[in-house]
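Sending over a structure as structure tokens; questions will come in a sec.
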Amino acid sequence: MTKTSSRNNGCLTQRRQCPCGDEQCYIRIEGDEEDTSVEPVDPNLINAAAHASSEVASADTPPYVGQSFRTDDEAQEFYTNFARRNGFAIRRERSKGNPAHPLGVYKRELVCHRAGVSLPRKTAELKRQRNKKSSRCKCEAQMIIKKNVSKGVTRWVVVHFSNVHNHELLDSDEVRHLPAYRNISSVDRERILFFAKAGFTVNLIMRALEMEKGLKQGQLTFTERDLRNFLQASKNINRENEGAELVKACKAMKEKIPDFRYEFTLDMNDKLEHIAWSYPDSIRAYKVFGDVVVFDTTYRLYAYDRPFGVWFGVDNYGSTIFFGCVLLQDEKPASFAWALQAFVHLMDEKVPQTMVTDLDVGPREAIMNVLPNTKQAFSTWHIMSKLPSWFSALLGSQYERFVSEFHRVYNLESENDFVHQWGQMINEFGLGSDRHVAILSYHREYWALPFLRGWFFGGLLTTGSSSSIKAFFKGFLISQTRLKDFVEQVMVAIDLQNQAGEEATMRQNYQNVQIKTCMPVEEHASGVLTPYAFEMFQKELVSSTQFAVYETQRDTYLVRHHLKTDGGHLVSCIPANEEIHCSCKEFEFSGIMCRHSLRVLSLKNCFMLPDKYLLIRWRRESSLFPKSSGYKYRSQALRSLASIIIQESSLTKDRFDYVQWHMSKLLTHVRDMPTVDEGASDLEPVSSLDATVDVTPVRSRGRPKKLKAAIDIPKEMQEPHALPEIQDLSGT
């Protein structure tokens, strides 16, 4: 049977129906054909991120030694695109490292698909497969990448590249027939099922897709055989029985894990109508970080033709956290209303302050009716992803200038300025009668930034939550996934996500905190906020030094950039009540004090921030991790610390000698300690919030002190909990 990537891309498809209501208007999001995942979008770098993404995907130059990527998947994608344009395919050959290694997997070899020699087949395989000649011919073309972690930032660097092949390369018509490039994208899968439901034959489906894409016959990324295999896999699913099996799976999970929660309804025929569920870790996380929630309903389980929704949030380390998911019968407002009611009930009736959704009428009406006190906003990421489908062909060469102007108007501060300049922009580009512009204009209070300042979003307004969902479910959701297995597989994904989050938390806590201003408020914030939140705070603090302050009246100040002669922001500061408010409303929006307020506090000789301006949700004490203090946690904590020590101490010989001497002494001391804790237990605590580790950051500023030839081990190192003292090694 021919393999296609539909097995690897999961059974989730993104809804393409345009909110304008036109059945012929479909949304095409860049990257759908390859089903590539995308990193969440930085609020301040939407344009830059889009440019960088397109640059990586469309680069015509070959890889080169020293080239770096954010992840190994990104490096493989780049090499794959290069290979396809040059007439060959690639595969992963060897990897070095494992979960027990301080760096995990730290090296990968990506080779030509014809590298190596043919592998010997098992006897059983020989009997049922025809004697097909292997395509492998010892080709030595390859790219080797290695992981490099510096100052907490992980990059994958190309350390070797060879493009010398010992075989002929294929032309563009031939290379697309290689198994690596024969895939059925999520968009095509949805259209195939639509045509099949309408009674189209396989041949007619192929022709219809070719006509939609404007391709000649035989130019699709899959063959008729691939299409038949896909349809056969879809037909093997009994949708009615699967619903009952899913309910049984939830009941079994409840018996196994009492804190697991689920709710469902049946229709008039006693068939599954809606079902929502959540897990103990997710419920505990929501109690701390459920102030802002993304409700993404843009996906369907295409094998069951059902809408699929996911609730996500963000923790104090900036990591995406899963809250729950729901499988609905349809996309009617009543169905979304049931989903929201079920979610609130699963979360002990706690209602989020703000909820981010796609530009969709169904969830909007449901939130207004079910959660009237919750502020709703449309995800900026979702809106930006629709712009190419709506305006690229319409505006032609003017499209890039339109996008730039769109971003400028979107970031205006005044509501009146937005309304005025939005109208000017629409008239300038001749879009006054466009139905998509009419939708954006009508719903501007749900997506335009001037209307949303003053509400807390914690960075989730511009986050690509759809990308997070793809990354979250990727690897275990396949086209043959059964609903009865869905609940347990999602729990496995959550466990993997928690492990990654725990490791990331430890790594952040062990990193040196770089003090840039020497201001007491910076020292204060660095010990309270997580490294993720402190980085945002520090950015505002450093920027505050560029602003001038003018007192307009008692306790009211005009703060303006020193290079500007007009504009600025008004800041009211009442020291007696520890109250400070800025007209930019950045604190209300992100939970981080703005540069204007910080400038006034500096003028007022404020050396410590009031507690209420260091939000609990951004503090170290609110961390979900580590979840335990047992052997598993201790092992992970030491691996994270060892990884940083290796990175820092291998830079110079002096650092290496210093660390080696102290580690040798430390090892000798540890070996003399008891191997069993008296009265200690390795049992995991019930709540993930019950056990947190207070890792005091190392504050470094100025030139490090000269290393001494020998330093006695301090008495603190003889105490069981003196591990954080070792951090001095990495900062020296």
Side-chain angles (χ1 to χ4, degrees), residues 40 259-263 276-297 309-326 336-358 363-364 366-379 452 454-463 465 468-469 472 490-491 493-495 497-498 501-502 505 529-530 532-533 587-592 612 614-625 627 686-690 692:
D259 290 335
F260 172 81
R261 298 178 183 178
Y262 71 102
E263 289 195 7
W277 68 91
S278 186
Y279 304 85
D281 285 345
S282 301
I283 296 169
R284 287 192 289 269
Y286 181 82
K287 291 180 180 179
V288 184
F289 303 110
D291 44 9
V292 55
V293 175
V294 173
F295 183 28
D296 197 319
T297 60
V310 182
W311 290 281
F312 270 87
V314 63
D315 68 8
N316 53 344
Y317 285 83
S319 300
T320 301
I321 46 178
F322 173 91
F323 290 144
C325 53
V326 61
F336 290 123
W338 180 91
L340 293 173
Q341 291 171 344
F343 177 70
V344 172
H345 188 251
L346 291 175
M347 299 300 164
D348 295 322
E349 307 302 326
K350 179 181 178 179
V351 177
Q353 297 177 22
T354 53
M355 183 167 285
V356 181
T357 68
D358 183 28
R364 182 176 69 88
I367 293 175
M368 291 175 60
N369 295 328
V370 179
L371 307 175
N373 297 323
T374 296
K375 175 64 177 178
Q376 186 197 1
F378 295 145
S379 168
L452 298 178
W455 296 88
F456 181 73
F457 288 95
L460 277 174
L461 187 62
T462 52
T463 299
S465 56
S468 301
I469 292 175
F472 181 76
V490 173
M491 186 177 68
I494 292 175
D495 287 341
Q497 184 190 49
N498 288 344
E502 188 167 358
T505 297
L529 301 176
T530 63
Y532 171 79
F587 177 76
E588 291 83 355
F589 186 74
S590 67
I592 300 295
K612 59 184 172 184
L614 294 170
L615 292 189
I616 297 295
R617 69 120 49 234
W618 292 132
R619 296 189 183 190
R620 294 172 180 265
E621 65 193 55
S622 301
S623 300
L624 297 174
F625 309 108
K627 294 173 59 179
V686 175
S687 172
S688 60
L689 302 178
D690 290 342
T692 58

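Hydrogens, waters and symmetry mates play no part in the numbers below; they use all other heavy atoms, side chains included.
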Quick check against the 3.5 Å criterion: does Ser282 have a side-chain atom that pairs as donor or acceptor with the backbone of Phe322?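 Yes, Ser282 side chain to Phe322 backbone: donor-acceptor pair under 3.5 Å.
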Would a distance-only check, ignoring hydrogens and angles, find a side-chain to backbone donor-acceptor pair under 3.5 Å from Arg620 to Thr530?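 Not confirmed, Arg620 side chain does not pair with Thr530 backbone.
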Locate the shortest heavy-atom distance separating Ala276 from Ala342; write the atom from each residue and the value.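 Here Ala276 and Ala342 meet closest at CB-CB, 4.1 Å.
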For residues Asp315 and Tyr317, determine if any side-chain heavy atom of one lies less than 4.5 Å from a side-chain heavy atom of the other.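 They are in contact (side-chain heavy atoms under 4.5 Å apart), so the answer is yes.
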Could you list the donor-acceptor pairs under 3.5 angstrom formed by side chains in residues 349-356, with sequence neighbours left out?
residue, atom, partner, partner atom, Å
Lys350, NZ, Tyr286, O, 3.3
Lys350, NZ, Lys287, O, 2.8
Thr354, OG1, Phe456, O, 2.7

Aromatic contact, Phe323 with Phe312 (centres under 6.0 Å):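 Between Phe323 and Phe312, the centre distance exceeds or equals 6.0 Å.
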Could you grab the distance from atom CD of Gln376 to atom CZ of Phe295, nearest 0.5 Å is fine?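 Reported to 0.5 Å precision, the distance equals 10.5 Å.
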Working note: Phe378 + Thr357, criterion side-chain contact (heavy atoms from CB on, under 4.5 Å); need CA distance, chi angles, decisive distance, verdict. CA-CA 5 Å; Phe378 295 145; Thr357 68; 3.6 Å; yes
Check whether any side-chain heavy atom of Ile283 sits under 4.5 Å from a side-chain heavy atom of Leu346, and report yes or no.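 No - every pair of side-chain heavy atoms lies 4.5 Å or more apart.
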Are Glu621 and Ile616 close enough, and set up right, to give a side-chain contact (heavy atoms from CB on, under 4.5 Å), and what steps lead you there? CA-CA 8 Å; Glu621 65 193 55; Ile616 297 295; 3.9 Å; yes
Heavy-atom pair of closest approach, residues Ser278 and Met347: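 Closest approach of Ser278 to Met347, heavy atoms only: OG-CE, 3.4 Å.
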Straight-line distance of Phe260 CZ to Met491 CE, nearest 0.5 Å: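 One finds 8.5 Å between CZ of Phe260 and CE of Met491.
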Minimal non-hydrogen separation, Trp455 against Phe457, with atom names: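 In terms of heavy atoms, the two residues are closest at O-CD1, 3.3 Å.
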Looking at CG of Asn316 and CZ of Phe289, how far apart are the two atoms once the value is rounded to the nearest 0.5 Å?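 Answer for the CG-CZ pair, Asn316 versus Phe289, is 3.5 Å.
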Report yes or no: does Arg619 contribute a side-chain atom to a donor-acceptor pair with the main-chain N or O of Leu614 at less than 3.5 Å?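 At least one qualifying donor-acceptor pair exists.
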Nearest 0.5 Å please: distance from the SG atom of Cys325 over to the CH2 atom of Trp311.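 Spacing of SG (Cys325) from CH2 (Trp311) equals 8.0 Å.
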On a heavy-atom basis, which atom in Val314 and which in Gly458 lie closest, and how many Å separate them?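 Heavy atoms of Val314 and Gly458 come nearest at CG1-O, 3.7 Å.
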Working to the nearest 0.5 Å, report the span between CD1 of Ile592 and CG of Leu615.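 Rounded to the nearest 0.5 Å, the CD1-CG separation comes out at 7.0 Å.
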Once rounded to the nearest 0.5 Å, what's the spacing between atom OG1 of Thr374 and atom CE of Met368?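 It comes to 12.5 Å.
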